[in-house]
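All remarks here apply to the structure that follows.
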Amino acid sequence: MRKIALFLALALCAVSCIYPYNAEVGGTGGNLVVEGDIVVGSMSNFALSSLMPLGSNGSPQPVEAELWVEDINGAHYEGVPGEKKGEYDVNLHGADTSLEYRLCIKVAGGRDYCSAWAKPSGSCVIDKLDYFINESDGRKQGLYVRMSMHSEDGTQHFRYRYVETWEYTSYWRADSYYDPEITEDSPNGTVVMFSNGENNYYCWKTASSRGINLATTETMGVNRLDDYPLFYYEATNDKMSRLYRLDLEVYPVSIESYRYLEHIRDVSNYDGSLFAPIPSEVRGNLRCVTDDDEIVYGYVGTSSPQKARIYIDNGVTMLYVRPEMRDAEYEAVAPEDWLLYYTSRNWRPYYNDLMAGECNWAPARCVDCTYYGGTKNRPADWPNQDK
């Protein structure tokens with residue numbers, strides 16, 4: 001990020017003789033950078049930051065503002081702040097795809113910005129979302145997730161985004177958990193048996209697309225993509241361990257938007273939720289309404305998505321091979337050592353041997369699925385009944 005910020009500051013310096021630098025955006029001291037697209041019929045996500053000038057010793061900073069999308073008939077769709085500062089979500093589910101839209105932004109100091117009016121670009125049809133298992137020497141090595149799509153109106157340029165959700169388990173299934181609350185009767189905490197189906201064995205993870213994901217049929221000779229690879233997962237990837245779901249959105253973009261995004265992706269080579277456009281070659285479609293001389297970086301496309309979903313069940317693929325858990329071990333731990341094992345060694349209860357009167361503990365990575373970043377928040381519409 002620091003290298004990108006330095007590169008952008010140098011680029012600003014290089015073009016300052018052509019484009020005047022404005023030193024105030026929302027009190028941050030840099031030019032406004034806008035990332036995101038107006039996705040009519042879905043949730044639109046935007047990120048605002050400021051590009052700092054050379055010599056400022058600062059990275060691009062998030063910008064807080066009022067943000068909304070409006071249609072040509074005057075309807076407003078307000079932006080709601082996201083999880084991170086400078087990020088906003090605009091709900092455009094049910095919006096009319098036949099109308100023109102634009103993004104509007106108001107930052108501190110009375111500076112207003114808008115993108116150009118535009119209708120959703122082109123169309124596309126997702127024909128297939130499936131997978132292909134890669135085998136070598138009679139063994140399943142991994143799995144390709146791929147899509148097939150086409151356009152009936154000559155559209156050649158597309159952007160896609162996705163959400164992945166998957167269920168996985170810990171290495172061993174524990175029958176107890178540790179309560180670290182210290183009381184007079186429990187000076188080292190308490191080990192409690194799970195009941196009513198509770199466990200720390202099943203977990204879920206979710207990951208959203210990052211960076212700039214583009215596809216084009218420009219060099220294909222036909223307006224279609226067949227078996228276009230999206231991901232490849234090794235047989236040892238925990239996404240393939242039980243049940244995996246991919247929610248995919250593909251939306252057409254104008255050639256101007258595609259060229260801009262392609263340029264940013266290729267030059268910055270930055271995979272993140274925010275990107276800093278390079279001002280030296282490609283200009284975007286945003287302008288400062290209150291100061292036409294101010295440069296604004298970013299290209300806000302307007303599109304309508306096609307959606308597809310796929311589930312991949314390891315019970316069907318029989319692909320997953322759990323990596324060996326090196327140094328997996330457990331041992332009986334006396335009550336007076338519970339707190340020590342919990343805090344210093346990061347161990348957790350594994351199972352209680354009632355016959356021997358022992359409580360066996362193991363490394364948290366072996367018996368607690370949340371150790372790897374998952375949660376116990378089972379999606380409400382998840383097909384498996386595991387909890």
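Everything quoted here is computed from the prediction, not taken from an experiment.
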Between Val191 and Tyr178, the two heavy atoms sitting closest are CG2-CD1, 4.2 Å

Any non-hydrogen side-chain atom of Val39 less than 4.5 Å from a side-chain atom of Tyr251?
yes

same_hphob_cluster(Met325, Tyr202) at 4.5 Å side-chain heavy-atom cutoff
no

Thr217 side-chain N/O to Met220 backbone N/O, donor-acceptor pair under 3.5 Å:
no

Show your reasoning for whether ring-ring contact (aromatic ring centres under 6.0 Å, His included) applies to Tyr88 and Phe46.
CA-CA 5 Å; Tyr88 299 86; Phe46 301 96; 8.7 Å; no

Donor-acceptor contact below 3.5 Å, side chain Ser148 vs main chain Asp227:
yes

Please tell me if the side chains of Leu129 and Leu230 come closer than 4.5 Å, counting only heavy atoms from C-beta onward.
yes

Treating Asn91 as the side-chain partner and His93 as the backbone partner, does any N or O pair qualify as donor plus acceptor under 3.5 Å?
yes

Test item: Val90 and Val80 side chains (from C-beta on) under 4.5 Å apart, heavy atoms
no

CH2 (Trp166) and SG (Cys203) are apart, to the nearest 0.5 Å, by 11.5 Å

Are Leu248 and Leu225 linked, directly or through other ILVMFWY residues, by side chains that come within less than 4.5 angstrom of each other?
yes

Is a donor on one side and an acceptor on the other found under 3.5 Å between the side chain of Asn314 and the backbone of Thr317?
no

Looking only at side-chain N and O atoms, does Glu331 offer a donor or acceptor that is under 3.5 Å from a partner on Tyr341?
yes

Under 3.5 Å, is there a donor-acceptor pair between the Glu70 and Trp68 side chains?
yes

N/O donor-acceptor pair under 3.5 Å between Asn352 side chain and Ser176 backbone:
no

Axial cation check for Tyr101 ring with Lys119, 6.0 Å and 45° limits
no

Is there a chain of hydrophobic side chains (I, L, V, M, F, W, Y, each step under 4.5 Å between heavy atoms) that links Trp204 to Tyr311?
yes

Between the CE atom in Met240 and the OH atom in Tyr131, the distance rounded to the nearest 0.5 Å is 9.5 Å

Backbone N or O of Leu32 within a donor-acceptor pair of the Tyr297 side chain at under 3.5 Å?
no

Donor-acceptor check, side chain of Asp353 to backbone of Gly357, threshold 3.5 angstrom: yes or no?
no

Looking only at side-chain N and O atoms, does Asn285 offer a donor or acceptor that is under 3.5 Å from a partner on Arg287?
no

Sub-4.5 Å side-chain heavy-atom contact between Val33 and Leu48:
no

Heavy-atom distance under 4.5 Å between the side chains of Ile105 and Val34, does that happen here?
yes

Please check if any side-chain donor atom of Tyr168 sits under 3.5 Å from a side-chain acceptor atom of Arg242, or the reverse.
no

Can you tell whether the side chains of Asp175 and Arg173 come within less than 4.0 Å, N to carboxylate O?
no

Applying ring-ring contact (aromatic ring centres under 6.0 Å, His included), name anything that partners Tyr162, two or more places apart in sequence or on another chain.
Phe231

Is there a continuous path of hydrophobic side-chain contacts, each under 4.5 Å between heavy atoms, that joins Leu214 to Met147?
no

Do Arg159 and Ser209 meet the criterion of a side-chain donor-acceptor pair at a distance under 3.5 Å?
no

Give the ring-plane orientation class for Trp172 versus Tyr330, where under 30° counts as parallel, over 60° as perpendicular and anything between as tilted.
perpendicular

Can any side-chain N or O of Arg378 pair as donor or acceptor with the backbone N or O of Asp386 at less than 3.5 Å?
yes

Between Ser186 (side chain only) and Ile182 (backbone N and O only), is there a donor and an acceptor less than 3.5 Å apart?
no

Between Tyr320 and Asp238: side-chain donor-acceptor atoms closer than 3.5 Å
no

Charged N to carboxylate O below 4.0 Å: is that the case for Arg146 and Asp226?
no

Tell me the closest heavy-atom pair linking Ser121 and Val253, and the distance in Å.
CB-C, 3.9 Å

Under 3.5 Å, is there a donor on one side chain and an acceptor on the other for Asp96 and Ser98?
yes

Do NZ/NE/NH1/NH2 and the carboxylate oxygens of Asp137 and Arg139 come within less than 4.0 Å?
no

What I want to check is whether the side chains of Trp382 and Glu167 have a donor and an acceptor closer together than 3.5 Å.
yes

Which distance, rounded to the nearest 0.5 Å, do you find between the CE of Met43 and the CG of Asp89?
5.5 Å

Ignoring hydrogens and geometry beyond distance, is a side-chain donor-acceptor pair present between Asp368 and Ser170 at under 3.5 Å?
no

Side-chain donor-acceptor pair present, Glu164, Tyr244, cut-off under 3.5 Å:
yes

Closer than 4.0 angstrom, basic N to acidic O: yes or no for Lys307 and Asp247?
no

Please give me the minimum heavy-atom distance between Phe158 and Ser123, naming the atom from each residue.
CE2-O, 4.0 Å

Please report the closest heavy-atom contact between Ser115 and Ile38, naming both atoms and the distance.
OG-CD1, 4.4 Å

Taking Glu218 first and then Arg259, would you say they form a salt bridge - that is, a charged N and a carboxylate O separated by under 4.0 Å?
yes

Give a yes-or-no answer on whether the side chains of Lys376 and Asn199 include a donor-acceptor pair shorter than 3.5 Å.
yes

Looking at Asp381 and Arg245, is there a salt bridge between them, counting it only when a charged N and a carboxylate O are closer than 4.0 Å?
yes

Give a yes-or-no answer on whether the side chains of Arg161 and Ser42 include a donor-acceptor pair shorter than 3.5 Å.
yes

